[in-house]
Number of protein chains: 2
Amino acid sequence: MADLQARLVEALGERHVSPGATDPDLQHDECLTVPPTAAALVVHPGCTADVAAVLRIAAEFRVPVTARGRGTGMSGAAVPRPDGVLVAFDRMDAVLEIDEGNHVAVVQPGVTLARLDEATRPVGLFYPVSPGEGSASLGGNVATNAGGMRAVRYGVTRHHVLGVEAVLVGGEVIRTGGRYVKTSSGYDLTQLIVGSEGTLALVTEVTLRLSPRTTHQATLLAPFPTFGAVTAAVPPIIASGVGPVILEYIDFLTMAAITANVDLDLGIPQQVKETAQAYLVVMLEQRDAGRLEEDVGRLGDQLTGLGATDVYVLPGGSAHRLIDAREKTFWVAKAAGANDIVDVVVPRAAMPEFLDQVRQIAEQHSSHVVGCGHAGDGNVHLGVFQPDPQVRHRLLHELFAVGHALGGAISGEHGIGQAKRHFFAELTDPTVLALLRRLKAAFDPDGILNPAVLFEETDA
Amino acid sequence: MADLQARLVEALGERHVSPGATDPDLQHDECLTVPPTAAALVVHPGCTADVAAVLRIAAEFRVPVTARGRGTGMSGAAVPRPDGVLVAFDRMDAVLEIDEGNHVAVVQPGVTLARLDEATRPVGLFYPVSPGEGSASLGGNVATNAGGMRAVRYGVTRHHVLGVEAVLVGGEVIRTGGRYVKTSSGYDLTQLIVGSEGTLALVTEVTLRLSPRTTHQATLLAPFPTFGAVTAAVPPIIASGVGPVILEYIDFLTMAAITANVDLDLGIPQQVKETAQAYLVVMLEQRDAGRLEEDVGRLGDQLTGLGATDVYVLPGGSAHRLIDAREKTFWVAKAAGANDIVDVVVPRAAMPEFLDQVRQIAEQHSSHVVGCGHAGDGNVHLGVFQPDPQVRHRLLHELFAVGHALGGAISGEHGIGQAKRHFFAELTDPTVLALLRRLKAAFDPDGILNPAVLFEETDA
């Protein structure tokens, strides 16, 4: 390890190499179940050449390498190995270019979503993916294919990443894609790297597609008497062409918890609250106030026709506070003592059945499972309250298996990471799993990139 | 070969196995440069199990396998090998499901775009990718990541493929993705298979995302005095938020040729025609006639402000005929004796520079190069008139190299196929090429799937 450290210091300078025990903040992400771990060494590269040097040296020493953006991940993909090197991208945080002609931003992986939003505002553009945490880095977002509430309108990270610069194991630097949306020129390496959780290559630059920034927004809140009615409302709302930018459901328990958390009174009468099993939150946007008003009227009528008990058009302040409160669900669940938080995705029409089965599974294991989620996307966020790890594992296995059986996947946006790799191994078709391992080996034959992530190490 | 034939007949039945020499239609696609070739044997599978049997037998005999949809491809990716098996998907042409709750269609690979359009119309949804040829199959569209004119609004095939069923070499059947847009659960095999031109796996079922069908459309035609003014107009039009569904440029020579071809008089005065170097065609859509009219007015004013000589709002019939004529550019160029047709993609802001350089390259090689293209996407379609294959290869190499140097790629939507693999090998970073080959080997270690496509065989 002393040799390794000497070589890394030689490459990056003494200031940028330190023992992992020094900084506790670099030992964890926001995952509730993967224990904090100090890397043997932490390096802070300042440029692509630094990253290449680190990967060259790591390959030579065959030590594990884990990349870290801002540590807001939910599945332990940025938690390093005790015998490994953590590559922290905090110094590579430049917005390299805002290209107005092509509606593109080029950023380093350490750039936060908040910073990118600032940088794009003056030119009337924006990066529309909003996974709910402005302090998250684009590098981390690319690694997990982050989603968030606006996905129903704008899609997820992979729909906005046009290309990357990435460093392969051994230090070779490649570029993929470019400042265009269309290409049919070989396998799409960009899309393969997006969502690969640091297991294939380290991304050192991201080319992102930007959208015109909208100027007028309105938020509607509709309580529904049954959960089935909430999800049944989704296809007709989307088919109407109104193009909601947010389409969330919040169950009554979660609504009570998140509004109490921020002391938010939405002005909903007690009587309505008592009969509401779930709420639909719909945000609309337009670049024209008149059309927005018209859309709000039409959508209100449609929601009533679809069985909403009532429809509230939230004033700007309350709307922002509700969306913020919804973004903070994770923190509320954490503070309430949730033992795990997962984000299964199912076909959106299967949500009622999935949630029915989740309720039964929770009861069978004497556990609480509450949640909210992206109704337009079938992405269900669940807080799981069950302190016994073995009971929780059985519960989660059943929960993921039910999602799988309904045609879904373990995670819509959090990723598999270290936290869910056992479940991933248990539920994935062995033929597919073997193929994924062969793809991993095509990039990383010695398996040094995030070896504890996605795959079980024991069945290698 | 007799043994191989016997085994295939045993698996699929005599009716569905025939010598490639029997049917000349199955010996070519629409590529102008790859010569028609008869496969040793053609098979017509009727179901996934048939495809699995074919790939199991082919792997055993180590014979090349080429998949074919409807043969509308532009780069020879569906032209078989003389010693190989052609898998024709004409019998697997069922629309398996239109899922209104999830806004999804599930189709077999032989389904045509026209058939899918019919099947989705009654429920008010549609599959918005429109590569200009309704007789094309979804399987072929997936293989090439087909694009087309509506990509500026809706994206390309890969943005609509949510999952596939595919058969691997050896006959193993896998399923990828599902009826959801968001997922972060392992490498995205769906996106890797889309655009892989039959070199990784054979797709036997496609799950497609549908969009609400729009009801009102209008088409504007704006002549511009310079090509630079046409492309400079694109970013502000997109930034306006009007959301054009089509944003095409047509150079004056191509406009004259395609309108003459269908005897279409757009009512443009001779004087305007004489000063127009290029035309911008913009189609708008809305689900509301009033808003459409308002958008047309605003866009007309914007086009004038951006330097258009005039703005014509085309009546429905003329608009359809112009779009149809534009779709038929390929046939016009072919009839005029074009020796090759290519579709380089560059960052859209780089189009004027690219076309300037193309003009110079054409002159240097005493050749004609004319075209039109997807202005919103930087996807430039060029007809190349130069009968000498060696001169044409040099010209095309320079043309692709210029596109590459401007940050583009060889093909935006046609694919590399057999036709452009030499250029692909010449222009791709060797590190990337080696990585692509390792990915190919992870799926197809013996290289039996479309071995003449994407990669040079000689440098294997």
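All of these numbers come straight from a predicted model, not from anything done at the bench. Every chain is numbered from 1 and lettered A, B, ... according to where its sequence line falls, protein lines coming before strand lines.
- Ranked by heavy-atom pairs under 4.5 Å with chain B, the first of A:Pro236, A:Gly177, A:Gly195, A:Ala409 is A:Ala409.
- Listed options B:Gln286, B:Glu197, B:Arg175, B:Glu172 were ranked by heavy-atom pairs under 4.5 angstrom with chain A; first place goes to B:Glu172.
- Contacts of B:Lys420 with chain A are absent, with no heavy-atom separation under 4.5 Å from either backbone or side chain.
- When each of A:Ser411, A:Ala441, A:Gly241 is checked for heavy-atom pairs under 4.5 Å with chain B, A:Ser411 comes out on top.
- Atom CD of A:Glu426 sits in a crowded spot, with more than 12 heavy atoms from other residues, nucleotides or ligands closer than 6.0 Å.
- Contact tally against chain A (heavy-atom pairs below 4.5 Å) for B:Leu200, B:Val194, B:Thr214, B:Asp429: the top residue is B:Leu200.
- Here the CG-CG distance, from A:Leu435 to B:Leu192, works out to 8.0 Å after rounding to the nearest 0.5 Å.
- In this structure, A:Glu100 and B:Pro235 approach most closely via the heavy-atom pair O-CB, 3.9 Å.
- Heavy atoms closer than 4.5 Å to chain A are found in both the backbone and the side chain of B:Ile416.
- Of the listed residues B:Ile174, B:Val432, B:Leu439, B:Asn145, the one with more heavy-atom pairs under 4.5 angstrom with chain A than any other is B:Leu439.
- A:Asp295 CG to B:Asp288 CG: the interatomic distance, rounded to the nearest 0.5 Å, is 9.0 Å.
- Between chain A and the options B:Gly417, B:Pro212, B:Ala232, B:Gly376, heavy-atom pairs under 4.5 Å are most frequent for B:Pro212.
- Annotation for B:Ser185 and A:Ile410: closest pair OG-N, 3.7 Å, computed over non-hydrogen atoms.
- Ranked by heavy-atom pairs shorter than 4.5 Å toward chain B, the options A:Thr431, A:Val156, A:Val234 are led by A:Thr431.
- The local environment of CD in B:Gln302 is crowded, with over 12 non-hydrogen atoms from other residues, nucleotides or ligands closer than 6.0 Å.
- Only the side chain of A:Leu168 comes within less than 4.5 Å of a heavy atom of chain B; its backbone N, CA, C and O stay farther away.
- Considering CG of B:Asp343 and OG of A:Ser184, their distance stands at 8.0 Å, rounded to 0.5 Å.
- Using modelled atom types, one side-chain atom of A:Arg348 and one backbone atom of B:Gly101 make a donor-acceptor pair closer than 3.5 Å.
- Under a cut-off of 6.0 angstrom, the local environment of CD in A:Glu294 is crowded, with over 12 non-hydrogen atoms contributed by other residues, nucleotides or ligands.
- Counting heavy atoms from C-beta outward, B:His159 and A:Val181 have side chains that approach closer than 4.5 Å.
- With chain B as the partner, the residue from A:Gly407, A:Pro347, A:Ala434 showing the most heavy-atom pairs under 4.5 Å is A:Pro347.
- A distance-only check finds a donor-acceptor pair linking the side chain of A:Arg287 to the backbone of B:Ser240 [under 3.5 Å].
- Between chain A and the residues B:Gly147, B:Gly186, B:Ala146, the largest count of heavy-atom pairs under 4.5 Å involves B:Gly186.
- Ranked by non-hydrogen atom pairs under 4.5 Å with chain B, the options A:Val173, A:Thr199, A:Thr428, A:Val152 are led by A:Thr199.
- Between A:Leu406 and B:Arg179, the closest side-chain pair of non-hydrogen atoms is not below 4.5 Å.
- Side-chain N or O atoms of A:Ser196 include none that pairs as donor or acceptor with a backbone N or O of B:Tyr187 at under 3.5 Å.
- A donor-acceptor pair under 3.5 Å is absent between the side-chain atoms of A:Arg158 and the main chain of B:Gln191, judged by distance alone.
- Of the listed residues B:His374, B:His414, B:Arg213, the one with more heavy-atom pairs under 4.5 angstrom with chain A than any other is B:His374.
- Annotation for A:Arg153: atom CZ counts as buried by contact number, over 12 foreign heavy atoms lying within 6.0 Å.
- The line from CG of A:Asn102 to CD1 of B:Ile238 is 10.0 Å long, rounded to the nearest 0.5 Å.
- Here the closest heavy-atom approach between residue B:Tyr180 and residue A:Gly408 is recorded as CE2-CA, 3.7 Å.
- Side-chain atoms of A:Leu189 and B:Leu436, non-hydrogen and from C-beta on, do get closer than 4.5 Å to each other.
- For the pair B:Asn379 (side chain) and A:Lys182 (backbone), a donor-acceptor distance under 3.5 Å is absent.
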